[in-house]
Amino acid sequence: MIQPPSAPTRNGLQLRGNYTAAAADYSVEQVWENYSAEEHDIWRTLFTRQMTQIRTCAAPEVLAGLELLGAKPETIPRFSEVNQLLARATGWRIIGVPGLIPEVQFFAHLAARVFPVSVWIRERSELDYLSEPDLFHDFFGHVALLTNPVFARFMQAYGEAGPKAKAHGAVPLLARLYWYSVEFGLLRTSEGLKVYGAGILSSNGETAYSIQSPVPHRIGFDLERIMRTDYRIDDFQRLYFVIDSFEQLFHSGYDTDFAPLYEKLRDLPTIAPEQLLASDQVITRGTVRPSEPV
Ligand code: HBI
Ligand code: FE
C-alpha cells in the first residue's frame, strides 16, 4: 500500500482517494466508463452553476481555456480527449491522481508540464465545500488556464523551483506563492478585477465575494510580501493579491533566484492575512481586522 502522501491534509483527515493502485509518480488511470450518472450529474450541477458566475467574474483567459478544451456540462471530461487539445495549445497534459500528492512528485510533474487531476468528484452534499481538491476543482479551476502559454510557463517554472525550495527548507514559502496566485489570485483588467485563482473559480460562494465583497483586502502582487504572508484554508480569504498580467506573474517566478529570498525571509515574522503594511500597494482596504491576538 503506497502510504498517503505527506501533502497537506485538513486536520489530519485521511485522504479519501484510492492510493493503492497509484504508480510511483502517483498517477492512476481515469476509467471514464466507471463514472455513474450521479457523478456526471454532480459535474453538470457544478459546471452549470460556476459557468453562470465566471462569465462575468473570470479572467478572459480562463473562459477561452474552457472553450478551447471543449468543456461542457453534460459529462465529466475525458482526460485523453483533453490532452489532445491541451498538448496542441501549450504542450501540457493532465494525468489522473487519487488526490493530493507529495510536494516532491507535485513539483516534478509541473516541471515536466504535467498537471495532476483528481479522478474522483465530490458528493452532492459537498457542492459548496470540500476539504481536498476533487476533479471539478482541478479541472475547472486549474486546467483551463494551462491553455495560456504565459501562465503555463509560470506553472512549469513553479515546479522547477520546488527542489531548491526543499533544499532550503522553504517549501511553505513557495506554497504561499502558489496559494496567493494559482489558487486565489486576481487579475486587474480594463473591465475591473477578474478571477484567475482555481480555489475561487471552483467555489460557488467565493467567486463574487473575491472581487465584490468589502470584507477582504486586495493588494498589488508582491513576491516577498506573499512569501511572508500566512493564509487560511478553511474559509474565504481575507486577503487577495492582484496581478496586472500573467507576464508579471511569470517574471516573478522565473527571473528571480529564490535562494537569497528564502534566507532573508527565514527569520522575519509571518504576516497575518488580515494585516496590512504601510508598504502595501492597497487596491481595496477591506473591513476585515486583525483577529485579536490569542
Ligand atoms: N497535490 N494533487 C495535488 N494537487 C495540488 O494542488 C497539490 C498537491 N500536493 C501539494 C500541493 N498542491 C501544495 O503543497 C503545493 O503548494 C505544492
Ligand atoms: Fe488547486
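Counting starts at 1 for both ligands and their atoms, in listed order.
With distances taken over non-hydrogen atoms, the option nearest atom 9 (N) of ligand 1 out of Asp138, Ile101, Leu100 is Ile101.
Heavy-atom distances between Gly99 and ligand 1 reach below 4.0 Å in at least one pair. Remark: distances from the non-hydrogen atoms of Phe115 to ligand 1 are all 4.0 Å or more.
Annotation for Arg285: atom CZ does not count as buried by contact number, only 12 or fewer foreign heavy atoms lying within 6.0 Å. The number of heavy-atom neighbours closer than 6.0 Å to CD of Glu67, taken from other residues, nucleotides and ligands shown, is 12 or below.
Here is the list of ligand 1 atoms found below 4.0 Å of a heavy atom in Glu103: 14 (O), 17 (C). Of all atoms in ligand 1, listed by their number and element, those nearer than 4.0 Å to a heavy atom of Ala175 are 16 (O).
In this structure, Thr147 and Pro149 approach most closely via the heavy-atom pair O-CD, 3.5 Å.
The Fe ion (ligand 2) has Glu183 among its coordinating residues (N/O/S atom, backbone or side chain, under 2.8 Å).
With sequence neighbours left out, the side-chain hydrogen bond (donor to acceptor under 3.5 Å, both in side chains) criterion links Asn148 to no other residue.
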Identify each donor-acceptor pair in which a side-chain atom of residues 109-122 lies under 3.5 Å from a protein atom, sequence neighbours left out, and give them as a table.
unit_1	atom_1	unit_2	atom_2	d
His109	NE2	Asp25	O	2.8
Arg113	NH1	Thr90	O	3.4
Ser118	OG	Pro133	O	2.7
Ser118	OG	Asp138	OD2	3.3
Trp120	NE1	Pro98	O	2.8
Arg122	NE	Asp134	OD2	2.8
Arg122	NH1	Leu127	O	3.2
Arg122	NH2	Asp134	OD1	2.9

